[in-house]
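In what follows, a single structure is set out as structure tokens and then discussed.
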Amino acid sequence: MVTGVEISPREAEVLELVGAHLSNAEIAARLCISVRTVESHVSSLLRKLEVPDRRELARRAPEPAAAAPSRLAPVLPARLTSFVGRVRERTELIQMIGTHRQVTAAGPGGVGKTRLALAVAGEAAGDYADGVWFADLVPVTDPGMIAPAVAGALGLGEQLGRDMTESVIAALADRHALLVLDNCEHVAGGVALFLERLLAACPRVTVLATSRARLIVPFERVYPVPPLSLPADGESDAVALFMERAAAVGGPPDPPLRDQIAAICERLDGMALAIELAAARYPTLGVDGITAALSHPLRMLTGGSRADERHRSVRTTLDWSHALLEPADRALLRQVSVFVAPFTTAAAAEVTGGEEGVVADGLARLAEQSLLVVTASPGGTRYRALETIRQYATERLAEAGELDDVRSRHLRWCLAEAAALTVVGEDWRARFDLVADDLRAALAWAAERPERRADAYALARHLAELTFTRHLTGESQRRFEQAAGLAAGPSVAASMLRQAAAVAGCRTIGDDMYRLRLAAADAARGSGDTAGAATDLATAATIAFRFSTTFVRLPPPEEALALVGEARETAGDDPAARAAVALAEAAVLTDAFGAAQGPPGNAVPETIARAERAVELARPTGDPLAESAALDALTGAQSWAGDTFATAATARRRITLLTSLPSSPAGTHELIDALGMATEAALGAGDVPGALRWARRLAGHPSLAEVGHRATCRLLMVDALAGDVDEALAASVRFLDAWRRAGSPARALFRPAVAAVAMIHGLRDDRDARREWQEVLDELHTPPEHTYGYGAVFDAMLLLHRGQAAEALERTAPDARQVWKWVTWIWHHWYVALRTEAAVLAGSPDARDRVAEARTTVAGNPVADAIVQRAEALLDGDQEALLATADAFDAAGCRYQSARTMVLAGGDHAVRGAAALAGLGFAPMAPARHG
């Protein structure tokens, strides 16, 4: 419970949802605010309630009041009309979902499956602790887009490095929830595959699906949805529905007409949609007119498989309704059926070829006949056909011989909409979301027609670029690959495959980057572009080493060597190919990037020479991305050489190169990598403000909004070393929540961040929290060779804080030159400085020699130099020099080290230092115990 603490109403809402174990993305969706705003509220609550992490924050959440609306209220579409009858069906279906984990409510279109499922979900919501969720699959035309549709319903965004099915599974893994999947029939195969993975991984999730046919999966339990009950000895749901809907549009029919209405309902086979359409006509036709219309010969469809029994009664109803329309309205209904998402009057006019005023009038008449649903949106009034009606109208379109012409106009409209979306404005996301499903549907149609190949390629390329901008990177990669398959020639295909590889890089999927670059090489060879093929081969080899930690299956070194050799032979005099080969040689031959499969030691002079050669060849190409990649190799080479300041300067050069580039997959991938490297290199050089600047820019990058663990991992390192406890704890909440929801990936990138947070909790003397983060570190499987990198630095800081100088000295026992590859990186100066201080505080006999050597090593690093000067002042008993280092630490942005210095100075200074430590959130320092 929360008592004695002032929190805002919005913070109270956030706290309650944290207590319900919702993610930040789910909370944002529930409260209609941004994920960043949720993070801000969570951080504020952590400070106000003085709790260390999200787990403890959830424990402080109040229980919902009995009379208050439940936080688990069903996430279901609001009913616009009342639900009538079906008491028996609701009871049976509720019992079935209580017994079986996947139930399909099956029946013909128009029978009322969706309304029944919504009613059942609403009644059963209280049985599911984590709520009820609804996903409408009507707009989904591609089986591969089922998981994104469900993720949208759950309020989830895409997470780099994993597909959307994995994101949904991670979100629901420990939830007791009911998921309603509506209108599955047109993507039944994809739904079956999705459900098989979901239900296997989420043991407390139940799925209620609606479909015209069963999904045919082994674990499925089918509930055949019957028509509405017809007149017999008891009450009739069909008649009750007709009476209520007729009353809503013009007054209730007279009781004497009940028998005639019952006859109408029987003629309509008790189909809910047909009855509603008939009742809507009651004010203008009356019961007699409706009865007469049912005798119209057009009430039946004939011919082929279209007249199968599953659809017969619905078709009868829709034929009858269709027959009541004027010819112009019939034409309009069938032509607008190509839209799968809500559409405007202007869009309908363009696709149908009609005059906008005339089309607007016709749409209004169709809406009055309940054949179109009218919805309001910021862009104006939009119309949507219910799916049963839309499919019926599409078949009529084909029968009229108009399908290809109308779909062609729809395709042209989609191409124009896609082109207009290339300019990103303030309302861009909303505009894209409104037309995205139509773009996908048009592409699916065009891609199957050879005569539309050029348009299909253009739309696939547009959709790939638009979904990348929308941060739907998984779909973006697939669309670029689709565009490659539709390209007019191998040269264009190669370009699309390179784009797909860049998107895979943004998703941190090394295997796909490698595969797609090799495919691009094959396409380039097919076009006669040997230089382009050489560039792709060399780039693939570089990827295997530069991004080795993002692979599931690393290509063996000999495979990369073979690629380099082939690329070298075919590069010729092409500048770009020669630059790519030079970079591959630096990566593969001398391991400039410190790859997982690289040799344990580098020949430093050769590594630097090859990296410098790569930079020298990349610069004249005029390609900032190629130059940035070469500079990244030089960054690695300089760090292995122990040239900390050159490393930082080179990393900054990359940022300068990339900052002004327009947004693109390759540019985004390179910039994110460059920001990470710049952060680490600045930290290694003691430039804490610079590191903080780059880390914050990285954490706020739009493409990382849904992958908080990747966004914040560098920021956590900086905050920890700077001593910014509040910032570190807030970022750690975001990190851990996102990492868990991503499936707890064991990535090397995250290890230093987790070690940093564990140290922060140790400095706070929060042993439980430190143990939790140590367990996370264990899950990340830190290899032995990293023991003396970040691990030694963070452990030594904690041991020194606890007064365990001898233990800190033991933790940093090896000379930096003995473990150079993993210490030389950003940790070199920190390691040397802390090792020196430990030697002084532990009373090591060679402490003075270590101080002298360390001063030379860390000269120019404001933080490490101040640590060494502090050690020398302690050794000499020079309090004035000791206090001077406190000012140096403050100037360098390290408040923890400044406060530590004051404590070490003793006397009144120690009192002020202890107060400063407490103000920062740290536990008191223990006096040093000399060895």
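FYI, side chains are in, hydrogens and waters are out, and symmetry mates aren't considered; it's all heavy atoms of this structure.
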Atom pair [atom1]/[atom2] of [X] and [Y] - distance to nearest 0.5 Å:
X      : Y      : atom1 : atom2 : value
Phe194 : Cys184 : CZ    : SG    : 10.0 Å
Arg452 : Asp455 : CZ    : CG    : 6.0 Å
Ile146 : Leu181 : CD1   : CG    : 8.5 Å
Thr206 : Leu179 : OG1   : CG    : 9.5 Å
Glu185 : Leu137 : CD    : CG    : 9.0 Å
Glu89  : Tyr223 : CD    : OH    : 5.0 Å

Is the closest side-chain heavy-atom distance between [X] and [Y] below 4.5 Å?
X      : Y      : value
Val187 : Thr141 : no
Tyr383 : Val374 : yes
Val351 : Val336 : no
Val150 : Phe134 : no
Arg479 : Leu443 : yes
Leu228 : Leu241 : yes
Pro203 : Arg175 : no
Ile389 : Leu333 : yes

Minimum heavy-atom distance between [X] and [Y], given as atom pair plus value:
X      : Y      : value
Asp438 : Cys414 : O-SG, 3.6 Å
Ala192 : Leu215 : CB-O, 4.2 Å
Ala447 : Gln482 : CB-NE2, 4.1 Å
Ala153 : Ala135 : CB-CB, 3.9 Å

> Does a donor on one side chain sit under 3.5 Å from an acceptor on the other, for Thr99 and Arg221?
Replying inline: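 On atom types as modelled, these side chains do not qualify, holding no pair under 3.5 Å.
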
>> When you compare the side chains of Gln335 and Ser337, does any donor N or O come within less than 3.5 Å of an acceptor on the partner?
In response: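 Short answer, no.
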
Check ion pair [X]-[Y] (N to O, under 4.0 angstrom):
X      : Y      : value
Arg407 : Asp404 : no
Arg365 : Asp361 : yes
Glu395 : Arg334 : no
Arg90  : Glu123 : yes
Arg470 : Asp433 : yes
Arg396 : Glu399 : yes

For the backbone of [Y] and the side chain of [X], can you confirm whether one donor and one acceptor N or O come within less than 3.5 Å of each other?
X      : Y      : value
Ser236 : Val239 : yes
Ser229 : Asp237 : yes
Glu326 : Ala328 : no

>> I'd like to know whether Trp413 forms a ring-ring contact (aromatic ring centres under 6.0 Å, His included) with Phe339, so could you lay out the CA-CA distance, the side-chain angles of the two residues, the decisive distance to 0.1 Å, and finally the verdict.
In response: CA-CA 11 Å; Trp413 175 80; Phe339 289 102; 5.3 Å; yes

> Which is it for Val359 and Glu356 under the side-chain contact (heavy atoms from CB on, under 4.5 Å) test, yes or no, and what are the steps along the way?
Replying inline: CA-CA 5 Å; Val359 170; Glu356 189 167 340; 5.6 Å; no

>> Could you walk me through whether Arg382 and Thr345 satisfy the side-chain hydrogen bond (donor to acceptor under 3.5 Å, both in side chains) test, starting with their C-alpha distance in whole Å, then the side-chain angles of each, then the deciding distance to 0.1 Å, before giving a yes or no?
In response: CA-CA 7 Å; Arg382 290 181 177 268; Thr345 300; over 6 Å; no

> So His176 and Tyr128, would you call those rings parallel, tilted or perpendicular, with 30° and 60° as cut-offs?
Replying inline: tilted

